[in-house]
Number of protein chains: 2
Amino acid sequence: MASRSDTKTRILDAAEKLFAERGFSETSLRLITSKAEVNLASVNYHYGSKKELIRAVLARYLDVFMPSAQRAIADMPKNGQTMDDIFGALVQPLLELNKLRADGTTVFLQLLGRGYIESQGHLRWFITTHYGGHLDFFVKAVASCVPHVPQVDIFWRLHFTLGTVVFTMASADALNEIAAADFDEHNDIEAVIRKVIPYIAAGVSVPAPNAILE
Amino acid sequence: MASRSDTKTRILDAAEKLFAERGFSETSLRLITSKAEVNLASVNYHYGSKKELIRAVLARYLDVFMPSAQRAIADMPKNGQTMDDIFGALVQPLLELNKLRADGTTVFLQLLGRGYIESQGHLRWFITTHYGGHLDFFVKAVASCVPHVPQVDIFWRLHFTLGTVVFTMASADALNEIAAADFDEHNDIEAVIRKVIPYIAAGVSVPAPNAILE
DNA sequence: GTTTAATTTAAACGAGTGTTTTAATCAAAC
DNA sequence: GTTTGATTAAAACACTCGTTTAAATTAAAC
């Protein structure tokens with residue numbers, strides 16, 4: 001099999017890079033196959049369709065990240081954890097994606113952002129049905145950390161948080177350029193992650209107005 | 001001029017709705033003109049190109065919202081304002097967009113989100129150059145409210161906030177359905193806005209880790 | 001009422017898309 | 001060495017896209 005390095009993974013490697021920086025619909029199969037130096041038809045041969053290629057690209061990261069993230073949460077000490085600690089526990093699993101592939105962390109978060117914003121709902125469905133167990137585990141950890149916040153508010157705030165992360169990562173490159181130009185602050189992906197944690201931790205754990213005068 | 005109601009605004013009305021719910025690149029001129037019941041070529045006749053149509057759609061909202069929002073901030077009492085107050089001052093200008101057009105608030109926020117995420121940078125440039133004055137005014141109001149947060153962190157956190165709002169509004173319908181089914185909580189757009197304010201206010205004003213040990 | 005300009009229309013253009021087809025090529029099994 | 005099945009290759013297919021053209025129509029000016 002396989003002439004040089006596997007055609008199938010050459011496609012995945014080229015696709016994830018282009019998807020992350022240009023979005024899914026803005027990236028043509030011809031651009032992917034030319035970057036990967038493979039034939040155009042090989043995408044449909046190996047993956048069936050562009051939509052399934054997109055899922056394969058995301059799954060390759062989620063299959064690594066989701067169990068790793070759940071383990072990190074589960075291994076936390078059971079008492080006295082703050083929201084900063086919970087979100088902070090996700091940093092290591094995220095950064096370890098860099099060992100998987102170059103710029104793995106950035107690519108993964110950008111892909112996640114693109115996935116949630118583009119592709120009206122069908123990727124959201126893919127993620128929640130394939131990784132729902134891991135997500136539930138995370139939500140329970142958050143809920144037990146902020147018992148003063150009603151369940152329904154936790155629901156809303158975690159979606160606020162998803163929006164924060166996803167939007168930031170999708171435009172991380174542009175924002176980093178501005179930060180470098182206007183504030184002479186040169187951030188890598190880890191610096192941005194560490195900046196966002198206090199923000200989302202404070203938002204999730206702030207007392208809910210309705211809960212106070214219950 | 002104008003056979004029935006102005007063709008130019010018929011295009012704008014149809015375009016903003018479709019752009020908001022499907023994104024810019026996913027919305028074809030043929031879909032817009034068929035919904036608007038005008039001829040395909042009239043878009044290029046009246047607006048020159050699709051790109052300029054997108055800008056016109058956004059400008060129609062921004063020209064109303066930006067001055068209105070600035071006035072709301074300027075009219076605030078000068079002392080003792082919290083971050084909740086500042087963001088709260090934007091609620092009225094946002095909701096008044098509903099008088100402009102049906103679902104104006106939601107459409108505007110969704111368009112803003114699409115604009116920042118899609119169209120790599122050229123719409124971000126359009127907004128900052130045309131409405132930079134209003135944005136600066138708002139940033140200064142925020143900065144003077146949280147003097148303990150460094151400027152660069154305010155920059156980042158306001159973009160986090162943009163992501164929170166924009167992402168939430170883009171999926172507000174789906175989230176409201178889930179909230180109604182899982183928690184029996186039936187929200188309209190204003191209720192969601194009032195839920196998000198404590199979240200983003202807490203995130204923006206939380207002490208920055210670096211600033212503490214400066 | 002004729003002229004003039006603005007607008008609308010239908011049709012085509014040229015480029016780009018994902019996908020399919022058919023033949024060529026390759027590696028291994030017998 | 002031949003056969004077999006998997007992979008690669010080049011080409012075409014059937015669209016869709018934004019844009020342009022040129023004629024038809026409409027509205028306003030004189």
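With A/Ile193 as reference, A/Leu109 is the one residue of A/Leu90, A/Thr106, A/Leu109, A/Asn187 to meet the side-chain contact (heavy atoms from CB on, under 4.5 Å) rule.
Residues B/Leu162 and B/Leu112 are in side-chain contact: their nearest non-hydrogen atoms beyond the backbone lie under 4.5 Å apart. A/Val196 is not listed as a side-chain neighbour of A/Val192, based on a closest heavy-atom distance of 4.5 Å or more.
Ring-plane geometry between B/His130 and B/Trp125 is classed as perpendicular, the angle between the planes exceeding 60 degrees on a 0 to 90 degree scale with a lower cut at 30. Aromatic ring orientation, B/Phe126 versus B/Tyr131: perpendicular (interplanar angle above 60°, classes split at 30° and 60°).
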Could you give the side-chain donor-acceptor pairs of residues 167-175 of chain A under 3.5 Å, partners two or more places apart or in another chain?
unit_1, atom_1, unit_2, atom_2, d
A/Thr168, OG1, A/Thr164, O, 2.6
A/Ser171, OG, A/Phe167, O, 2.7

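Side-chain N/O atoms of A/Ser42 include none lying less than 4.0 angstrom from OP1 or OP2 on D/dT8. Between A/Ser49 and C/dG18, a side-chain N or O to OP1/OP2 separation shorter than 4.0 Å is absent. Considering only side-chain N and O atoms, B/Thr7 lies under 4.0 angstrom from the phosphate OP1 or OP2 of C/dT8. Between A/His46 and D/dT8 there is a side-chain N or O to OP1 or OP2 distance below 4.0 Å.
Side-chain proximity of A/Lys50 to C/dT19, C/dT20, D/dG18: nearest is C/dT19.
As rounded to whole Å, 9 Å separates atom P of C/dT19 from atom CD of A/Glu52. Nucleotide D/dA6 holds its C1' atom 12 Å from the CG atom of A/Asp6, rounded to whole Å. The nearest whole Å value for the distance from the CG atom in A/Leu40 to the P atom in D/dA9 is 11 Å. For the pair B/Tyr45 OH and C/dA11 C1', the interatomic distance rounds to 19 Å; values are reported in whole Å. What separates CZ of B/Arg10 from C1' of C/dT8 is a distance of 13 Å, to the nearest Å. In this structure, the CG atom of A/Asn44 is 15 Å from the C1' atom of D/dA10, given to the nearest Å. One atom, CD of A/Glu26, and another, P of D/dT16, lie 19 Å apart when rounded to the nearest Å. The distance from atom CG of A/Asn39 to atom P of C/dT21 is 16 Å, rounded to the nearest whole Å.
Among the protein residues, A/Thr27 comes within range of the sugar-phosphate backbone only, with heavy atoms under 4.0 Å from sugar or phosphate atoms but none that close to a base.
Helical stems involving DNA chain C, defined as 3 or more consecutive Watson-Crick or G-U pairs under 3.5 Å, span C:1-30 with D:1-30.
For A/Arg30 against C/dG16, no side-chain N or O and base N or O form a donor-acceptor pair under 3.5 Å.
Note on residues 97-109 of chain B: pairs passing salt bridge (Lys or Arg N to Asp or Glu O under 4.0 Å), not counting sequence neighbours, are B/Glu16-B/Arg101.
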